[in-house]
Protein chains: 2
Amino acid sequence: MSPQEKLDTRTRIVLAAMELFWAKGYNSTSVADILSRTQLNAGSLYHVFPGKQDVLVAVLEFYRDGIQENLLDPAWEGVDDPIERIFALLDRYRWMIVETDNTYGCPIGSLALELHEADPVVRELLAINFTNWAGAIERCLEEAGERLPAELDRRALSEFVLTTMEGGVMQARTYRDVAYFDRGVAALRDHFDMLLVRAAGRQAMA
Amino acid sequence: MSPQEKLDTRTRIVLAAMELFWAKGYNSTSVADILSRTQLNAGSLYHVFPGKQDVLVAVLEFYRDGIQENLLDPAWEGVDDPIERIFALLDRYRWMIVETDNTYGCPIGSLALELHEADPVVRELLAINFTNWAGAIERCLEEAGERLPAELDRRALSEFVLTTMEGGVMQARTYRDVAYFDRGVAALRDHFDMLLVRAAGRQAMA
DNA sequence: GGAAGGGTTGAACGCTCATTCAAATATCGG
DNA sequence: CCGATATTTGAATGAGCGTTCAACCCTTCC
């Protein structure tokens with residue numbers, strides 16, 4: 001018995017579509033792909049969802065609602081220091097890159113660039129997923145308190161961490177080489193080190 | 001008379017396809033789209049190109065061969081300082097974002113994420129385009145000489161500049177707001193400022 | 001046991017897609 | 001001006017797409 005078989009139809013579709021959209025992209029995933037993977041028939045899918053795009057919306061809502069349990073909690077297990085948590089999260093992406101033979105792509109980032117004329121509902125969900133990701137980083141930065149310069153724009157830096165992840169993932173996949181991701185993270189680490197030094201200097205003066 | 005009409009068939013196709021792939025993506029651009037824009041018939045296209053993917057290859061070669069004239073030269077006009085050139089290039093992207101009502105996407109980056117199972121030839125061309133872009137930045141970093149720390153990994157930093165651009169463009173487009181790009185560039189500027197300070201400190205000691 | 005209705009079946013539909021090709025036309029060397 | 005070669009025409013093809021729907025199954029409740 002497949003592990004999906006106890007789940008309800010809607011959930012089975014969302015899980016299958018999540019994997020397929022991630023692996024092949026939205027446009028390259030056909031409804032038939034989703035049906036064959038879930039062993040369902042067209043009517044069942046269209047009984048639950050008005051159309052293919054509504055499946056995408058459900059997938060993006062799933063990412064949005066599961067970021068804590070599915071991404072942050074696993075990445076931060078046993079890591080307490082707020083700044084190390086940031087790099088632990090990046091390390092989790094590194095792990096996913098390696099695990100997929102350097103073909104990993106951030107599902108949100110890939111969809112954001114693939115869907116050129118995205119429906120407003122879809123675009124807003126992509127944006128919310130980015131916001132939640134960066135928001136989690138921003139909370140780490142706030143927790144770091146005085147270790148970082150007081151005047152530092154914490155929101156900007158949290159977005160910059162997201163940028164580092166997305167850019168690193170993009171290059172690692174294009175070159176099929178994690179080293180590109182690693183060098184990006186190393187540059188970000190350098191950035192943090194310099195910020196920490198700057199803040200420590202200010203602290204010492206006061 | 002359309003400005004394209006004096007050009008040969010192959011060039012007309014490549015130029016039209018370049019625009020369409022950029023605006024709609026590769027998969028969402030049909031051969032019929034290219035034909036209607038060039039006012040050609042299917043047979044003409046297939047006389048020049050074996051198939052749609054070969055048009056993509058030609059487009060990527062066009063980007064590869066034109067980076068100096070079409071991207072770097074315009075961006076660096078009147079800018080001599082090597083570090084300012086880096087930010088002048090980023091500013092050119094900012095301009096394109098604004099010009100497209102915050103819908104701009106880097107053609108290479110978008111294709112890199114859209115094409116999940118890209119043909120090796122295509123992937124290599126995407127990688128070469130990235131390499132050339134980062135290579136141009138790396139030359140700026142080398143020109144900056146002792147202004148940057150001696151031990152700095154210039155290749156890593158040039159890739160980090162690319163990361164900043166790609167991540168900023170991705171977020172600006174998703175949120176339909178240049179401010180996301182601006183904050184990314186500001187963070188990178190901060191990074192450079194700290195590197196310059198670090199190098200200046202080392203210089204003073206010697 | 002039977003009516004009701006949520007859920008499923010899977011063939012069929014209309015459309016778009018990339019691609020083909022025989023025929024027509026343009027170009028050019030001799 | 002002719003013949004050969006290069007290029008263009010545009011209808012046709014078959015595969016795949018998202019979606020529909022009448023018929024059917026199965027649970028639930030009286």
Side-chain angles (χ1 to χ4, degrees), chain A residues 1-2 4-60 111 114-122 125, chain B residues 1-60 111 114-122:
Chain A
M1 176 155 126
S2 148
Q4 283 203 7
E5 267 173 47
K6 56 178 70 162
L7 301 167
D8 64 21
T9 304
R10 194 191 140 91
T11 308
R12 284 166 65 195
I13 292 169
V14 170
L15 290 177
M18 188 166 43
E19 269 202 49
L20 288 164
F21 292 163
W22 170 69
K24 315 178 48 172
Y26 176 73
N27 285 311
S28 300
T29 297
S30 68
V31 174
D33 286 336
I34 299 171
L35 297 177
S36 107
R37 178 171 282 232
T38 51
Q39 300 278 50
L40 291 168
N41 297 96
S44 296
L45 188 148
Y46 282 94
H47 181 73
V48 178
F49 294 103
K52 187 188 174 189
Q53 187 183 269
D54 301 272
V55 177
L56 173 61
V57 167
V59 166
L60 291 173
L111 288 168
E114 179 189 350
L115 304 168
H116 288 239
E117 283 162 2
D119 185 282
V121 176
V122 171
L125 274 165
Chain B
M1 176 154 128
S2 148
Q4 284 203 6
E5 267 173 48
K6 57 179 70 161
L7 301 166
D8 64 21
T9 304
R10 194 193 141 91
T11 308
R12 284 167 66 194
I13 291 169
V14 170
L15 290 176
M18 187 167 42
E19 270 202 48
L20 287 164
F21 292 163
W22 170 69
K24 313 177 50 172
Y26 176 72
N27 285 311
S28 300
T29 297
S30 67
V31 173
D33 286 337
I34 299 171
L35 298 177
S36 106
R37 179 172 282 234
T38 50
Q39 301 277 51
L40 291 167
N41 297 96
S44 297
L45 189 147
Y46 283 93
H47 180 73
V48 178
F49 295 102
K52 188 188 174 188
Q53 186 183 269
D54 303 272
V55 177
L56 174 61
V57 167
V59 166
L60 291 173
L111 288 169
E114 179 190 349
L115 304 168
H116 288 241
E117 284 161 1
D119 186 283
V121 177
V122 170

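Everything numeric here is computed off the predicted structure, so don't read it as measured data. Chain naming here is simple, since letters A, B, ... match the order of the sequence lines and numbering starts at 1 in each.
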**Q** Report, one pair per line, the protein and nucleotides 22-25 of chain D atoms (nitrogen or oxygen only) whose separation is under 3.5 Å.
**A**
none

**Q** What residues, two or more places apart in sequence or in another chain, satisfy salt bridge (Lys or Arg N to Asp or Glu O under 4.0 Å) together with A:D54?
**A**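 With sequence neighbours excluded, A:D54 shows a salt bridge (Lys or Arg N to Asp or Glu O under 4.0 Å) to no residue whatsoever.
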**Q** Give me the atom names and distance for the closest heavy-atom approach of A:E114 to A:N27.
**A**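 In terms of heavy atoms, the two residues are closest at OE2-N, 2.8 Å.
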**Q** Under 4.0 Å between a side-chain N/O of B:H47 and OP1 or OP2 of D:dT7, yes or no?
**A**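 Yes, because at least one side-chain N or O of B:H47 sits under 4.0 Å from OP1 or OP2 of D:dT7.
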**Q** Starting at the 5' end of nucleotides 21-28 of chain C, put B wherever the base has a protein heavy atom under 4.0 Å, S where only the sugar-phosphate does, and a dash everywhere else.
**A** B-------
**Q** Could you tell me whether A:T29 contacts a base, only the sugar-phosphate backbone, or nothing, with contacts defined as non-hydrogen atoms closer than 4.0 Å?
**A**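 A:T29: backbone/sugar contact only, no base atoms under 4.0 Å.
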**Q** Does the side chain of A:S30 get closer than 4.0 angstrom to OP1 or OP2 of D:dG16 through an N or O atom?
**A**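 Answer is no, no contact under 4.0 Å.
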**Q** Please give, in whole Å, the distance from D:dG16 P to A:I34 CD1?
**A**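 Going from A:I34 (CD1) to D:dG16 (P), I get 17 Å.
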**Q** Taking salt bridge (Lys or Arg N to Asp or Glu O under 4.0 Å) as the test, write out the residues that go with A:D33, two or more places apart.
**A**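 Testing A:D33 for salt bridge (Lys or Arg N to Asp or Glu O under 4.0 Å), a comparison that skips the adjacent residues, returns A:K24.
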**Q** Ignoring hydrogens, what is the shortest heavy-atom contact between B:V14 and B:A58? Give both atom names and the distance.
**A**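 Taking every non-hydrogen atom into account, CG2-CB, 3.8 Å.
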**Q** So if I apply the side-chain contact (heavy atoms from CB on, under 4.5 Å) rule between B:L20 and each of B:V59, B:V55, B:I34, which one comes out positive?
**A**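 Single pass found, and it is B:I34.
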**Q** Pull out every residue in residues 49-58 of chain A that has a heavy atom closer than 4.0 Å to any atom of DNA chain C, ordered by number, or say none.
**A**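 When residues 49-58 of chain A is checked for heavy atoms under 4.0 Å from DNA chain C, there are no hits whatsoever.
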**Q** Rounded to the nearest Å, what distance is computed from the CD atom of residue B:Q39 to the P atom of nucleotide D:dT7?
**A**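 The distance from CD of B:Q39 to P of D:dT7 comes to 21 Å, rounded to the nearest Å.
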**Q** Does a nitrogen or oxygen in the side chain of A:N41 sit under 4.0 Å from OP1 or OP2 of C:dG10?
**A**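 For A:N41, the contact criterion (side-chain N or O under 4.0 Å from OP1 or OP2 of C:dG10) is met.
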**Q** By nearest nucleotide on DNA chain D, pick out whichever of B:L45 and A:A32 is the more 5' one.
**A**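 Counting from the 5' end, the first nearest nucleotide belongs to B:L45.
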**Q** Taking only residues two or more places apart in sequence or in another chain, which ones pass ring-ring contact (aromatic ring centres under 6.0 Å, His included) with A:Y46?
**A**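 Residues passing ring-ring contact (aromatic ring centres under 6.0 Å, His included) with A:Y46: none at all.
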